Amino acid sequence: MPCRYPYVTGTSMLGITYKDGVLLASDTLGAYGSTKRYKSFERIRKVNDVCVLGASGELSDFQYIMRLLEELSDDDFCMDDGHHLKPAEVHSYLCRVLYNRRNKFDPLWNSLVVGGFYAGQPFLGTVGMIGTNYTDVHLATGFGNHLARPLMREKHRPDMSEEEATELMRECLKVCYYRDKNSINKFQMAKVSAEGVTISEPFALETDWKYKLFENPAANAAGAW
Amino acid sequence: MAAALPVRASVPAAGQAVKQHATWSPYDDNGGTVVAVAGDDYCVVAASTRMSTGYSILTRNKSKILQLNPKCVIASAGMQADQETLHKVLHSRHVTYQFNHRKPMACPAMAQLLSNTLYYKRFFPYYTFNLCAGLDDEGRGAVYTYDAIGSYERVGYGCQGNGKELVQPVLDNQLKAASPLALPPQQWLSSLPLEQAVDLVKGAFVSAGERDIYTGDDVEILIITKDCIKTDRLELKRD
């Protein structure tokens with residue numbers, strides 16, 4: 001029976017470009033429904049030296065997709081001609097794979113984010129489970145499109161420095177953590193630049209729950225619970 | 001096929017709860033409006049660049065127009081994934097045609113090919129609303145308008161997509177086209193000068209952007225004449 005629903009899922013994946021690269025970031029939770037089932041699942045993986053892939057949605061489907069990409073990378077390695085898939089090609093490939101599976105009514109239940117840096121240009125693209133795809137200077141999947149994207153639209157510039165971009169990303173992650181109940185305070189951030197791919201060790205962010213409105217959320221909503 | 005269709009959440013009868021989980025549909029409406037106006041020796045094609053889903057804007061800059069050759073373009077609103085696939089299919093068919101015939105495909109031929117391509121998927125349609133526009137063999141402006149499964153006709157001007165209810169009446173009013181029902185058949189080509197036609201299209205988009213949440217951000221405008229395709233860009237409100 002092909003028409004399914006997701007079991008173990010990851011929440012938002014965020015991505016922004018900056019002056020000389022791209023950043024991807026997300027938490028490391030694999031949730032089983034609303035159970036925090038896997039707390040150290042790395043949802044951002046390296047594809048090759050110029051490209052990373054981040055996933056939200058069904059995590060087993062993500063592992064299957066990574067296997068497809070590893071087979072392609074292995075082929076590139078065996079050819080031994082120095083060529084490898086460019087970020088735009090990885091993105092285009094994934095768009096076709098996901099669209100093809102939706103045509104079979106057997107979707108891969110993911111929203112993917114491809115980040116890369118090639119020929120001096122940052123690349124940032126996303127594709128959803130029915131093949132809907134686009135590239136932009138900043139993007140976010142799932143809840144992130146509601147929570148983080150407005151912040152990005154306000155503060156992002158394509159010529160940001162790495163420090164500014166990192167700071168913006170941490171702010172977005174924090175907002176997502178405050179408002180998305182299916183998230184945890186354990187994040188990873190990936191950077192792709194001319195120096196190659198680096199994916200950070202998991203880290204936590206300083207949070208503050210002592211805001212007045214957190215203590216009494218109904219203060220400005222008389223008659224609410 | 002019917003068994004594979006997505007199951008929609010239903011209202012539970014009193015006393016029994018239905019287990020709810022995410023449902024799935026192979027279709028999504030990413031919005032957008034496309035407009036084309038044919039003149040005696042030109043064709044103006046325009047498409048908004050906003051891409052949405054539900055109440056969210058996904059990106060503000062996604063082109064909906066495929067430029068096949070200097071005499072023929074295709075503009076599509078609807079679902080982005082189907083639109084991209086349709087454009088890839090038509091592009092590849094056009095490349096093959098050029099290898100076989102050593103010339104670019106004429107606009108009326110491409111119009112028929114688009115119809116066939118849409119009807120080929122009659123029972124799992126591309127969720128796209130298309131215009132094929134350009135210059136015909138005599139150099140006159142040509143616009144073809146379609147439904148999602150390939151029914152099409154040649155018109156003097158056309159629009160498709162989310163803003164069509166707002167734009168079509170304006171074009172009907174301003175271009176004073178003869179009724180297609182009138183006998184004897186009358187000339188339906190716009191005799192407007194090119195500049196006025198471009199202004200009309202721009203005005204229509206600005207108006208549609210006021211009320212339609214799926215039309216906004218930018219408008220990509222192609223002006224097709226016998227010499228070249230000129231591109232223009234109009235900024236709309238980003239709200």
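Order of the sequence lines fixes the chain letters, A, B, ..., with proteins taken first and strands second; residue numbering starts at 1 for each chain. Treat the numbers as computed from the prediction; the structure is a model and nothing was measured. Worth knowing before you read on, the calculation uses all heavy atoms, side chains too, and leaves out hydrogens, waters and symmetry mates.
Few gaps surround CD on B:Q112; more than 12 heavy atoms of other groups in view lie less than 6.0 Å from it. The number of heavy-atom neighbours closer than 6.0 Å to CZ of B:R233, taken from other residues, nucleotides and ligands shown, is above 12.
When heavy atoms are compared at a cutoff of 4.5 Å, A:Y134 approaches chain B by way of both its backbone and its side chain. Residue A:R101 does not touch chain B at all, counting heavy-atom pairs closer than 4.5 Å. Neither the backbone nor the side chain of A:T126 comes within less than 4.5 Å of any heavy atom in chain B. Residue B:D28 touches chain A through both its backbone and its side chain, counting heavy-atom pairs closer than 4.5 Å. Residue B:T53: no heavy atom, backbone or side chain, is found under 4.5 Å from chain A. With a threshold of 4.5 angstrom between heavy atoms, A:N145 approaches chain B through side-chain atoms but not through N, CA, C or O. Using a 4.5 Å cut-off between heavy atoms, A:H146 contacts chain B through its side chain alone, with no backbone atom that close. Of the atoms belonging to B:Y27, heavy atoms from both backbone and side chain fall under 4.5 Å from chain A.
Ion pairing of B:E210 with B:K237 is present here, as a side-chain N (NZ or NE/NH1/NH2) and a carboxylate O approach within less than 4.0 Å.
Residues B:L131 and B:Y144 are not in side-chain contact: their nearest non-hydrogen atoms beyond the backbone lie 4.5 Å or more apart. For the pair A:L53/A:L112, a side-chain contact is recorded, criterion being any heavy-atom separation below 4.5 Å from C-beta on.
Aromatic pair A:W109/A:Y5: ring centres not closer than 6.0 Å.
Stacking of B:R211 on the aromatic ring of B:Y214 is not recorded, the 6.0 Å distance cut-off and the 45° axial limit not both being met.
The candidate with the highest count of non-hydrogen atom pairs below 4.5 Å against chain B, out of A:V137, A:L139, A:N133, A:T132, is A:N133. Most heavy-atom pairs under 4.5 Å with chain A: of the set B:I57, B:N30, B:D82, this distinction falls to B:D82. Heavy-atom pairs under 4.5 Å with chain B peak, among A:T135, A:L98, A:I130, at A:I130.
Note on ring orientation: taking the six-membered ring where Trp is involved, the planes of A:F187 and A:Y177 are perpendicular (angle over 60°, cut-offs 30° and 60°).
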